[in-house]
Amino acid sequence: MQVDSTGLGAVSGFSLRMTDGTTIHLDMGTLENATEFSPSHLAEHQVTGVPVRAAYRVVDDVPIVYRLEDASD
């Protein structure tokens, strides 16, 4: 995982490696669950390699994240 950030609270997007080994770049939108999973929590996942589940919508051909979760699978 590569996180695009100018600080802990200012994540603009991230690259996520999928289970099949491909990588997708996701832009950060307004998270519907930011109190449960703050964007700054992505830095911990980047360091530990623990999986993340990201829900996103494609807007003008750009995937925009609206929900992040710790992936337990």
Lys/Arg cation over aromatic F37: R67, 6.0 Å, 45° cone:
no
How far apart are the closest heavy atoms of M28 and I64, and which atoms are they?
C-CG2, 4.4 Å
Can you hop from V58 to F14 via hydrophobic side chains spaced under 4.5 Å?
yes
Rounded distance (nearest 0.5 Å) linking atom CG of D27 with atom CG of D60:
11.5 Å
D20 atom CG, over 12 foreign heavy atoms within 6.0 Å:
yes
Residues which pass salt bridge (Lys or Arg N to Asp or Glu O under 4.0 Å) with E36, listed by chain and number, not counting sequence neighbours
none
Locate the shortest heavy-atom distance separating I24 from Y56; write the atom from each residue and the value.
CD1-OH, 3.8 Å
Shortest non-hydrogen pair, P63 vs H25, comes out as CG-O, 3.3 Å
CG of L68 to CG of L42: how many Å apart, nearest 0.5 Å?
5.5 Å
To the nearest 0.5 Å, how far apart are OG in S15 and CG in L26?
8.0 Å
Could you check whether any side-chain N or O of H45 sits under 3.5 Å from a backbone N or O of V52, counting only pairs where one atom can act as donor and the other as acceptor?
no
Can you hop from V65 to V59 via hydrophobic side chains spaced under 4.5 Å?
no
When you measure from the side chain of T48 to the backbone N and O of E44, does any donor-acceptor pair fall under 3.5 Å?
yes
Can you tell me how far NE2 of H41 sits from CG of L31, rounded to the nearest 0.5 angstrom?
12.0 Å
